[in-house]
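Structure first, then comments.
When a ligand or atom number is given, it counts from 1 through the structure's own listing order.
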Amino acid sequence: MKVRIGLIGCGVVGTGIVHLLAQNGERIAQRDGVELEIAKILVGNKDKPRKGVDPALVTDRLEDLLEDESISMVLEAMGGVDPGLSYAQACLRAGKHYITANKELMAKHWEELNAAAREGNVTLSFEASVAGAVPVIRMLTGSLRPNNITSVMGIINGTTNYILSQMDQFGTGYKAALAKAQELGYAEADPTADVEGFDAAYKLCILCGLAFGARVKVDDVLREGISKLSAMDIEMAHELGYVIKLLGIGKQHNGGVEARVHPVMIPKTNPLASVGGPFNGVLIGADAAGDLMLYGRGAGDLPTASAMVSDAINVAQGKAAELVEFTPAPVVNDFSCGYYIRTLAADTPGVLHGVSGIFAKHGVSIESCVQKGQGESAVPLIFVTHKSREADIVRAVAEIDQLDYISIGSVIRVEK
Ligand SMILES: NC(=O)c1ccc[n+]([C@@H]2O[C@H](COP(=O)([O-])OP(=O)(O)OC[C@H]3O[C@@H](n4cnc5c(N)ncnc54)[C@H](OP(=O)(O)O)[C@@H]3O)[C@@H](O)[C@H]2O)c1
């Protein structure tokens, strides 16, 4: 079966799709019976030279895709919500199946896209929007359907994982590790979306929608990035037997869901601790299947193209997943975990007594306390707590920070 496709965007991922089809298109046609042919490519600047791309296919008019009735599906690798949303709606309403790598669009406008897909009586697929080549969406919408999914937890941003791996392995400071990531093309010139956790938050919204049917809005995700982590915290984590990772965490919680993205200290024995460099890893908790872990390349031209073309094959074969039906489930970020609290304290008697009194008052119990150095006027004093409620920690830390002989340096959650 020949399927003519429209491509929106021909940058890193779009070019990857062109190259992947050139490389494996024939094999796909023979094995899957689907001959994917690129009919038109919509870009911002049609005069830009593009290696391996037939200039005759390139256009800067969306209408050229919309009006071509031979195009039955559109693959979007452009990014952004403006004009991403209007392009997607136009294609879906025009009856073209839509396959996107655009996590921001999915996270912010999922309902509108579903509505447009219903209007056009077509499918919406987005495997590439979370964890690139790692088939986490296929797993949630396919193999794990018989399960009650209780949690999804993972490293879903390769840029921050690369930066943290550099800091962990070589003792590099945050700024130097970010500069290296930019030099290697893992981080953008403006790294905000990655390092402040927005990108991971978009992906977490998608995962929560698929795993729990919960429509988690981006603003409801508890989000903290990695830009404030210090080399000292990374070193201390090591000493204490942990590794710091930026995790996206979604869990069922008393009829609602927890949805959070933040740095977490995880034991070195946790399978996610060994996910290094730009790689992604996702742990899924499922009641029947048990725990599963997926690992692989979360970005890059061919890995991302692989996920999108796999969606295209599924759509052509009539195997696309149904549109997600959401069930009401509020985001409840009232959770408990361990906490690492680094302070800078006067090296004088009575400090520990004062601080432990405040922790006790808020119901926080201390597992360990380490003082680094002595004899100086102020020394790092590090506390690790037993499992505590986030709200209690927030109150205790605020009160401790008011004291004149101690100040809070950092607070990092610990998952045991
Ligand atoms: N890069 C990855 O590894 C990766 C991984 C997973 C998901 N994604 C997602 O994939 C999408 C694309 O990422 P990318 O890295 O390939 O981006 P990119 O390299 O910046 O490419 C963007 C493409 O979109 C085109 N474009 C921009 N504005 C346009 C407009 N108004 N109308 C038509 N075309 C327009 C650009 O045209 P010109 O070429 O003319 O500038 C370019 O070809 C994003 O949603 C991203 O989040 C990327």
Side-chain angles (χ1 to χ4, degrees), residues 6-20 38 40-53 55 57-66 74-91 98-110 113 124-137 155-162 181-182 184-194 198-207 218 277-280 282 296-311:
L7 184 58
I8 301 183
C10 197
V12 174
V13 177
T15 309
I17 293 170
V18 175
H19 293 168
L20 178 59
I38 298 179
K40 297 246 162 34
I41 304 176
L42 174 68
V43 294
N45 174 5
K46 74 180 169 68
D47 299 323
K48 210 188 254 185
R50 299 167 202 274
K51 204 166 157 238
V53 177
L57 303 181
V58 177
T59 176
D60 54 8
R61 295 177 65 249
L62 178 67
E63 294 72 23
D64 288 342
L65 273 71
L66 294 176
V74 171
L75 276 62
E76 186 251 315
M78 173 179 70
V81 295
D82 184 19
L85 177 60
S86 60
Y87 281 14
Q89 287 174 317
C91 292
Y98 208 69
I99 294 165
T100 182
N102 192 335
K103 54 229 138 184
E104 183 181 4
L105 180 64
M106 286 301 303
K108 293 184 176 168
H109 297 287
W110 202 336
L113 296 175
L124 172 68
S125 310
F126 43 91
E127 180 69 61
S129 66
V130 181
V134 183
V136 58
I137 291 180
I155 295 165
I156 47 180
N157 180 272
T159 306
T160 46
N161 203 47
Y162 176 82
Q182 285 170 322
L184 292 174
Y186 292 140
E188 311 251 339
D190 176 0
T192 313
D194 290 318
F198 289 101
D199 176 82
Y202 299 149
K203 293 167 180 168
L204 183 64
C205 293
I206 298 170
L207 290 177
V218 180
F279 282 81
N280 282 196
V282 183
R297 293 184 189 278
D301 54 355
L302 288 177
T304 313
S306 166
M308 295 190 75
V309 171
S310 128
D311 273 345

>> Exactly one of V58, V18, L57, L42 should register a side chain to side chain contact (heavy atoms under 4.5 Å, CB included) with L7. Which one does?
In response: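 Per the side chain to side chain contact (heavy atoms under 4.5 Å, CB included) rule, the option paired with L7 is V18, out of V58, V18, L57, L42.
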
> Where the side chain of D311 meets the backbone of E127, is there a donor-acceptor pair that is under 3.5 Å apart?
Replying inline: yes

>> Closer than 3.5 angstrom, by distance alone: can the side chain of E104 be matched with the main-chain N or O of G79 as a donor-acceptor pair?
In response: no

Output a table of donor-acceptor pairs, distance under 3.5 Å, between side-chain atoms of residues 199-207 and any protein atom two or more places apart or on a different chain; print 'none' if there are none.
residue	atom	partner	partner atom	Å
D199	OD1	K103	NZ	3.4
D199	OD2	N157	ND2	2.9
D199	OD2	K203	NZ	2.6
K203	NZ	I156	O	2.7

>> Which protein residues come within less than 4.0 angstrom of ligand 1, counting heavy atoms only?
In response: G9, C10, G11, V12, V13, L42, V43, G44, N45, K48, R50, A77, M78, G79, P83, Y87, A101, N102, K103, A128, A299, G300, T304

>> Among residues at least two apart in sequence or on other chains, which ones pass salt bridge (charged side-chain N to carboxylate O under 4.0 Å, His left out) with D64?
In response: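 Result, salt bridge (charged side-chain N to carboxylate O under 4.0 Å, His left out) vs D64: R61.
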
> With E76, which residues qualify under salt bridge (charged side-chain N to carboxylate O under 4.0 Å, His left out), at least two apart?
Replying inline: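 Scan of E76 (salt bridge (charged side-chain N to carboxylate O under 4.0 Å, His left out), adjacent residues dropped) gives none.
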
